[in-house]
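All figures in this text were calculated on a predicted structure; none of them were measured in a lab.
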There are 2 protein chains.
Amino acid sequence: MAFYTLTKQVLINLFYKGKGRICLHFYGILNIFLLFKIQSIVYLQTFFYLWKEEYNRMGKKQTTIHDIAKELKLNASTVSRALNDDSRVKKETKELVKQTAKQLNYQPNTMASGLRKGRSNTLGVVIPRINRHFFSNVIYGIEAVTNKAGYHVIICQTDESYEKEVEGIETLLSARVDGILLSVSKQTKDSEHLKKIVDQGIHLLLFDRVFEELEVSQVVLDDFAGSFEAVEHLVAQGCRKIAHLGGPDYLNIYRNRRKGYLAALEKHGLEVKEEWVLEDALTKVRGREVIRELMQSEDKPDALFCASDFSALGAILQLKEMQVKIPEEVAVVGFANEPYTDIMCPTLTSVEQYSVQMGKYVAELFIEEIQSKQKQVKPQKIIVSPKLMIRESSLKK
Amino acid sequence: MAFYTLTKQVLINLFYKGKGRICLHFYGILNIFLLFKIQSIVYLQTFFYLWKEEYNRMGKKQTTIHDIAKELKLNASTVSRALNDDSRVKKETKELVKQTAKQLNYQPNTMASGLRKGRSNTLGVVIPRINRHFFSNVIYGIEAVTNKAGYHVIICQTDESYEKEVEGIETLLSARVDGILLSVSKQTKDSEHLKKIVDQGIHLLLFDRVFEELEVSQVVLDDFAGSFEAVEHLVAQGCRKIAHLGGPDYLNIYRNRRKGYLAALEKHGLEVKEEWVLEDALTKVRGREVIRELMQSEDKPDALFCASDFSALGAILQLKEMQVKIPEEVAVVGFANEPYTDIMCPTLTSVEQYSVQMGKYVAELFIEEIQSKQKQVKPQKIIVSPKLMIRESSLKK
DNA sequence: TTGTAGGCGTTATCAG
DNA sequence: CTGATAACGCCTACAA
């Protein structure tokens, strides 16, 4: 509701600012006024005032601690203290203040207090995509813990792109978040951008898809064990020719799943056929494609261990179309225990990741770090044990 | 890195503040010093300084526009303008500033700028639960639109509880979000808390679960049409005794789905049996229970129209257990087109809600409102047309 | 127990 | 085109 005196300066500045059109308009009116020798500039001011009103409109003025202070003939600092339950304020004053605050519908301004205190009580979470079962559950877990501790969460999605990951991190740093919980995107191959976070003194924690060598707290699944157990289960079912539909090697999760697979094969003295160890077979579509190829060759696998439930799903749909019996001819195991695994036909054996729990763990680690009195906290690593959920797609008896 | 002069006042204040223990400690040291008649107070200060360092530690100091200004012997305001691409700044200056900013690893402080500008470039989203297919997809849609426009999103989950909804709104108001996009919780029966948002001059938009009478922009599904079409489809398949597993009447979506169901029955002159119109049958568990009861009675339905895919799923699992043939004896239609519907056996006929698109719509409406020059924007209502996805569970031929 | 003053980092206004 | 200054709302060191 600014009210300008129409000096030449003001007009010049407006002109500079690219509001030339409007300025000229005013100049025009000004000239007209001068022509008619109207001394008073009141009309002009009114006119300009209206324009500002429209241009510069913002939300209605919110009540501040000053308003409360004025109302009670107190000082703003006392009000501030009262609202923060500072022990130095009289009980009666506190109650009075809180009551008035409610009456005036006072909402503390977190930006102002954050600015002053140098922290925002906000937490950033960076994930590939929110509309994926695993990640939305992790976030659910994170929020469950952090909300209780008075933090709110800003989520940045990377869409599996390195650039968007960097972008998201910039946004979060600008928002002065108190910490960043991150799961790297598929395209992310180095951790320079993450080091920047740590350098700025902001807590960084990684989960699921991590850089193991980074000196920050991490929560990961024991992918190796999950794979190993899954493959051993297949072996126990009599499978000997087990193919692996996996993901890229630079992501810890797929690397470790592959390692677990290879280790299990080795333990049982099974041959590793290179054509059966695939690095780009994570989606439903790829699952179908891969199966089409594999089943055309002379030497067909008798089991599939998939690093993703989606490729397992694709594979099963394709196998069904090809009239291949599951699990008799080809047994299938997936990874992630997506909600549909126990509904599909046949129900899919898969590895449960305890996603909500992982979210809770990483959030708890964060809270712990932030509340720790030591300047430097030793990074912790939580390894969540997966659980093999055995279902029809792999159970032969 | 505060450096205190140890006046009596400081100590008294610390004492008031409940830091008594430490204060006494200092007094103790002070006394010792005095005993030994040590005049200089330097040691004491150093000691205190160290304590403050530990107590008051915050993130490392970030570079500000002032630092950049100092570096370039410019004024902070010029730097600010340069970084915001204000037309009043010389090109060379701009480049110089931006370059220096990058060198010094400058991150603009959104809290400060938000405080000054009176808005936060943040958007609040209130939903029942993030780890649900529909809502996580809506958010995906919302973020796709808002991120492009430079907004970031804070998500508040209500867990279907009214209190948490109110709480979440408080949080968002304190964060001075520029708008709130909301889908009401199952327990929310009135809209007083929503009116408060509007009163504070903050943009409120509703989606999916809304209060239709509220004078704000809304994006909803045409639940009536979706239901109507679904039931007509069942009728066309020869079903005459159609039960409805629905939800509470005070939520628009379930109310409208029920209305659509009833309207379709009426149109085709089919009887409405009260025992077949259920208001608390939205979950997998309830789906099973309801079917167990319905199939025990004399007069069994020959079709189920479920307002949720989960109750449809429960029903199907139960029917399969009871060896009832689907769709021959009982046809089933769900609602939401959850990802598992085309995987389960039999695949489930369901109603697609275009959740991502709904998110995009509501975000676009918000952007439109916020960028509109008029103070008062006429609320708009977007009604998304659903699509019936016909699958095995209801297709008799 | 309360008051005073100053500053957090940015931007709007006005002066030059 | 750039500089100086005063807010934005809150908090805290220090004074009283």
Side-chain angles (χ1 to χ4, degrees), chain A residues 2-17 52 55-56 58-59 61-69 72-84 86-94 97 106-120 174 176, chain B residues 2-17 48 52 56 58-59 61-69 72-84 86-94 97 106-120 174 176:
Chain A
F3 196 58
Y4 288 76
T5 44
L6 262 184
T7 66
K8 201 178 152 200
Q9 282 297 339
V10 171
L11 290 172
I12 290 172
N13 276 311
L14 280 169
F15 187 74
Y16 270 131
K17 238 188 140 180
K52 282 300 293 180
Y55 173 72
N56 214 16
M58 27 178 148
K61 185 103 169 167
Q62 303 257 23
T63 62
T64 71
I65 48 173
H66 294 282
D67 299 327
I68 302 176
L72 296 173
K73 297 197 201 316
L74 277 172
N75 190 285
S77 42
T78 309
V79 174
S80 169
R81 284 192 280 252
L83 292 170
N84 289 302
D86 191 297
S87 56
R88 283 173 291 179
V89 184
K90 241 198 314 206
K91 231 188 193 171
E92 302 102 74
T93 318
K94 268 190 203 173
V97 167
Y106 168 74
Q107 298 277 356
N109 185 324
T110 44
M111 284 190 291
S113 97
L115 179 60
R116 180 62 237 259
K117 290 197 289 193
R119 64 197 160 77
S120 57
S174 277
R176 294 292 186 275
Chain B
F3 195 58
Y4 290 76
T5 44
L6 262 185
T7 67
K8 200 179 151 200
Q9 282 298 340
V10 172
L11 289 172
I12 291 173
N13 276 310
L14 281 168
F15 187 75
Y16 271 130
K17 240 188 139 178
F48 194 23
K52 281 300 292 181
N56 215 14
M58 28 177 149
K61 185 107 168 163
Q62 303 257 22
T63 63
T64 70
I65 49 172
H66 294 282
D67 300 325
I68 301 176
L72 296 173
K73 299 196 199 317
L74 277 171
N75 190 284
S77 29
T78 308
V79 174
S80 169
R81 285 191 280 251
L83 292 171
N84 289 301
D86 191 298
S87 56
R88 284 174 291 179
V89 184
K90 242 198 313 207
K91 231 187 194 172
E92 302 102 74
T93 317
K94 270 190 200 171
V97 167
Y106 167 76
Q107 298 277 357
N109 186 324
T110 46
M111 283 190 291
S113 114
L115 178 59
R116 183 61 240 256
K117 291 199 288 195
R119 63 197 161 78
S120 57
S174 276
R176 294 290 186 278

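- B/S113 comes within contact range of the sugar-phosphate backbone alone, with a heavy-atom separation under 4.0 Å but no base atom that close.
- In this model, the phosphate group of C/dT11 is approached by a side-chain N or O of B/N84 to a distance below 4.0 Å at OP1 or OP2.
- Under the side-chain contact (heavy atoms from CB on, under 4.5 Å) criterion, A/S113 pairs with A/K117, not counting sequence neighbours.
- At the phosphate of C/dG3, neither OP1 nor OP2 sits under 4.0 Å from any side-chain N or O atom of A/S77.
- In this structure, B/D67 atom CG and C/dG9 atom P are separated by 8 Å, rounded to whole Å.
- Between A/R119 atom CZ and C/dC8 atom P the separation is 17 Å, expressed in whole Å.
- Every residue was checked against the side chain to side chain donor-acceptor pair (under 3.5 Å) condition with B/S80, not counting sequence neighbours, and none meets it.
- Taking atom CG of A/D86 as the reference point, atom P of D/dA13 lies 11 Å away to the nearest angstrom.
- Atom NZ of B/K73 is separated from atom P of D/dA4 by 14 Å (rounded to the nearest Å).
- OP1 or OP2 of D/dT2 sits under 4.0 Å from a side-chain N or O of B/T93.
- Here the nucleotide nearest the side chain of B/R81, chosen from C/dC14, D/dA13, D/dA6, is C/dC14.
- Within the structure, a side-chain polar atom (N or O) of B/T78 is placed less than 4.0 Å from OP1 or OP2 of D/dG3.
- In this structure, A/N109 does not reach the D/dC10 phosphate: none of its side-chain N or O atoms is under 4.0 Å from OP1 or OP2.
- Between B/L115 atom CG and C/dT11 atom C1' the separation is 10 Å, expressed in whole Å.
- A search for side chain to side chain donor-acceptor pair (under 3.5 Å) contacts involving B/N75 returns B/S77, not counting sequence neighbours.
- Going from atom CD1 of B/I65 over to atom C1' of C/dT11 covers 8 Å, rounded to whole Å.
- Taking atom CD1 of residue B/I68 and atom P of nucleotide C/dT11, one finds them 11 Å apart after rounding to whole Å.
- Backbone-only engagement by B/T64 is indicated by non-hydrogen atom pairs under 4.0 Å involving sugar-phosphate atoms exclusively.
- End-to-end axis angle of the helix from C/dT1-D/dA16 to C/dG16-D/dC1, using five pairs per end and rounding to 10°, comes to 40°.
- Between B/N75 and D/dT2 there is no side-chain polar atom (N or O) within less than 4.0 angstrom of OP1 or OP2.
- At whole-Å resolution of the value, NZ in A/K90 and C1' in C/dG3 are 14 Å apart.
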